[in-house]
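The structure under discussion appears below in the form of structure tokens.
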Amino acid sequence: MSPSGFIVLLAVMAESPAAPAAAPPAGFPPAVSEALARTQDFAFNFDQPGFYALVEHVRAAPLSADPGPGPLRIADWSVLLERPADHRGRLVTVTGVVGRNKDPFALASRPDLGLLTQVELRGEGQPIACTLIFTQDAASVPVGATIEATGYFLMIRQYYGDSGQARPAALIVSPGPTLIERAAARPTSKQSEQTRAWFFGALLVGLLLAVVVLRRGTRAARVEVGALHASRPAPLSVADDLARWAAEQERGRNGGT
């Protein structure tokens, strides 16, 4: 449901006469049933008798002891938005992705209820969010994990989203998640930068090694010119012939002596 559709729904509800609240499912103690019957939907808080009654009930009795027909798996959360009174007090099961997990807290008005954990769920294609109030510590459930939880649906509450607009959410009181599928860890930007640095560093080292090997293979041996000499004596000496010719010329000038 789009935000405009939700506003229209609220307007219609405001103009229509208040419908009688549906009776909570059988099996609750009379005090819990009476408190649930006084629950007001679309409030901006859940500081209501029905909320306190459900928390006490969940802490006192396991869900397996519920005399009802068993949990109703809610695949389309819009049915809770459209008919909250029909599902109030009903044991339901929802699956979604954790968008926020608040630190455990105690209610100032009811410290006897102990620590509670509030987890906000979102679902792909779902028109509303789900607010899960766990009576057990669920602080270790990571944001981004897909979880499944079973609990008692209480009401449709309102909250202000990041855009400042009022948004609806289904409020469910549960002992804790029954299934947690942790999201795959994504590398942080710092890790990505380190990975790129290692890659380019290794690439640079490889290029330098290739240049060194190529230079060693193609470089010619340098030899000084003055160190060159024949491997064996020449068969004919021109210097001896010249010396012999000069001696003969000298004897001719001296009269053949």
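Everything numeric here is computed off the predicted structure, so don't read it as measured data. Along the sequence shown, the residues carry numbers beginning at 1.
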Fill in: Flag, side chain of Asp41 to backbone of Ala85, donor-acceptor distance under 3.5 Å
no

Practice prompt. Flag yes if Leu115 and Phe134 sit in one hydrophobic cluster, no otherwise; membership is Ile, Leu, Val, Met, Phe, Trp, Tyr, and two members link when side-chain heavy atoms are under 4.5 Å apart.
Written response: no

Fill in: Value rounded to 0.5 Å, distance of CD in Gln158 from CG in Leu171
13.0 Å

Response to the item:
Separation between CG (Leu54) and OG (Ser174), nearest 0.5 Å, reads 11.5 Å

Worksheet item: Ile172, Phe42: one ILVMFWY side-chain cluster at the under-4.5 Å cut-off?
Response: yes

Practice prompt. Anything under 30° is parallel, anything over 60° is perpendicular, the rest tilted; go ahead and classify Tyr160 against Phe44.
Written response: parallel

Worksheet item: Taking all atoms of both residues into account, what is the closest heavy-atom pair of Pro127 and Ser78, and its distance?
Response: CG-CB, 3.6 Å

Discussion item. Looking at every heavy atom in both Trp77 and Ile128, which two are closest together, and how far apart are they?
Written reply: CE3-O, 3.2 Å

Worksheet item: Quick one: does Thr117's side chain get under 4.5 Å of Leu132's, heavy atoms only?
Response: no

Practice prompt. Nearest 0.5 Å please: distance from the OG atom of Ser33 over to the CZ atom of Arg38.
Written response: 12.0 Å

Practice prompt. Provide the closest heavy-atom pair for Ala169 versus Thr131 in the form atom of the first, atom of the second, distance.
Written response: CB-OG1, 3.7 Å

Worksheet item: To the nearest 0.5 Å, how far apart are CZ in Arg88 and CD1 in Ile156?
Response: 9.0 Å

Worksheet entry | Pairwise side-chain contact, Ile74 with Phe153, heavy-atom cut-off 4.5 Å (strictly under) | no

Response to the item:
Note: Arg90 and Gly70 closest approach over all heavy atoms is NH2-O, 3.7 Å

Fill in: Nearest heavy-atom neighbours spanning Thr150 and Pro175
O-CD, 3.7 Å

Fill in: Test item: Phe46 and Gln118 side chains (from C-beta on) under 4.5 Å apart, heavy atoms
yes

Worksheet item: Should Leu36 and Leu113 be counted in the same cluster of Ile, Leu, Val, Met, Phe, Trp and Tyr side chains packed under 4.5 Å apart?
Response: yes

Worksheet item: Hey, does His57 have a side-chain heavy atom less than 4.5 Å from the side chain of Val173?
Response: no

Worksheet item: Take atom CZ in Arg100; do more than 12 heavy atoms of anything else shown fall under 6.0 Å from it?
Response: no

Worksheet item: Around Phe105, counting heavy atoms of other residues, nucleotides and ligands shown, do more than 12 lie under 6.0 Å from its CZ?
Response: yes

Worksheet item: Does the side chain of Glu56 reach to within under 4.5 Å of the side chain of Val32, using non-hydrogen atoms?
Response: no

Worksheet item: Could you give the distance from OG1 (Thr93) to CG (Leu63), rounded to the nearest 0.5 Å?
Response: 9.0 Å

Practice prompt. Find out if a path of hydrophobic residues (ILVMFWY) with successive side-chain heavy-atom gaps under 4.5 Å connects Val97 to Ile147.
Written response: no

Discussion item. Rounded to the nearest 0.5 Å, what separates atom CD in Gln126 from atom OG1 in Thr95?
Written reply: 10.0 Å

Discussion item. With a 4.5 Å cut-off on side-chain heavy atoms, are Arg157 and Gln48 touching?
Written reply: no

Worksheet item: Can Ile133 be reached from Leu107 by stepping across I, L, V, M, F, W or Y side chains whose heavy atoms are under 4.5 Å apart?
Response: yes

Fill in: Non-hydrogen atoms of Met155 and Asn45 that approach each other most closely
CE-O, 3.9 Å

